[in-house]
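Structure, as structure tokens:
Keep in mind that what you see is a predicted model, and the values were worked out from it rather than measured. Indexing begins at 1, ligand by ligand and atom by atom, following the structure's order.
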Amino acid sequence: MEKIVAANLKMNMTLEETNKYINEIGNINNKNLIIFPSSLYLPFFVNKGFSCGSQNAYSENKGAFTGEISPMQLKSLGVEYVILGHSERRQILNETNEIINKKVNIALINDLNVILCIGETKEQYEQHNTNNVLKEQITKCLKNISFENTKKIIIAYEPIWSIGTGVIPTNEIIHTTTDYIKEVFKSLYNGLEIRVLYGGSVNDENIESINTIDNLSGVLVGGASMNANKLNKIKEVVLH
Ligand code: PGA
């Protein structure tokens, strides 16, 4: 199974810092490393030896939607992936499963690969409600996706209580939850397999352990990916 390292740089870095970062990353020839820079800098990251993705896309291709970025525009720039349903967009920007579903559909129609983020809050985790929450997110966010387009979807399991906190579920919990996500997807799509990444406080020190979880297709890295050396180390471990 080919693995993936997705690097979500979030709303970070000035132009100067971005140029420095690109230099530090160097000449990477591996399309299974996907970098998601701030949208402003996407043109600097496309058509390189690695893949390039957008941290978001709107649910329409064009029109009077001030400040938004369309999947068609992303595709025309050479962007290959888009993250949808990230918990920061769900929580801070009030994106619902229904809004995310519209975005997923139009991104896929524009031939973008989608990394759909799902995950439970700390409260939901403590109330043993994780599976219900994940099932609802998967079912609602992936409504009306054609069988053909499911190949372009990757699910990232990101427990919200683990994002940016340094607290990570045990490997056993990640394994069991990943199996559950795969089962839910299979039941929706007649036995089809889905690739699942883990995200939440992944760094250059814990990556060797996380990489031993055998049903994962890789990781989604936030904070640690802003440091080119740390990202290179993670890439070495996961992609060899
Ligand atoms: P983190 O972020 O690695 O900083 O926890 C992960 C994410 O938000 O995708």
Mark the output for Ser201 as yes if a heavy-atom distance to ligand 1 is under 4.0 Å, and as no if none is.
yes

With a cut-off of 4.0 Å, which atoms of ligand 1 are near a heavy atom of Glu158?
6 (C), 7 (C), 9 (O)

Interfacing atoms of ligand 1 (cut-off 4.0 Å, heavy-atom, Leu220)
9 (O)

His86: numbered ligand 1 atoms lying under 4.0 Å from its heavy atoms
7 (C), 8 (O), 9 (O)

Strictly under 6.0 Å, is that where the ring centroids of Tyr41 and Phe45 end up?
no

Donor-acceptor pair, side chain of Asn101 and main chain of Lys143, under 3.5 angstrom:
yes

Checking a contact table here: which protein heavy atom is nearest atom 3 (O) of ligand 1, and how many Å away?
Gly222 N, 2.8 Å

Closer than 3.5 angstrom, by distance alone: can the side chain of Tyr198 be matched with the main-chain N or O of Gly200 as a donor-acceptor pair?
yes

Are any side-chain N or O atoms of Asn171 and backbone N or O atoms of Ile213, one a donor and one an acceptor, separated by less than 3.5 Å?
no

So which protein heavy atom does atom 4 (O) of ligand 1 come closest to, and at what separation?
Gly223 N, 2.8 Å

Please list, in number order, the atoms of ligand 1 under 4.0 Å from a heavy atom of Gly200.
5 (O)

Taking Glu95 as the fixed residue, which of Lys140, Arg90, Lys103 is the one that meets the salt bridge (Lys or Arg N to Asp or Glu O under 4.0 Å) rule?
Lys103

Does ligand 1 have an atom under 4.0 Å from some heavy atom of Gly164?
yes

Leu197 and its side chain to side chain contact (heavy atoms under 4.5 Å, CB included) partner, picked from Val202, Val5, Ile115:
Ile115

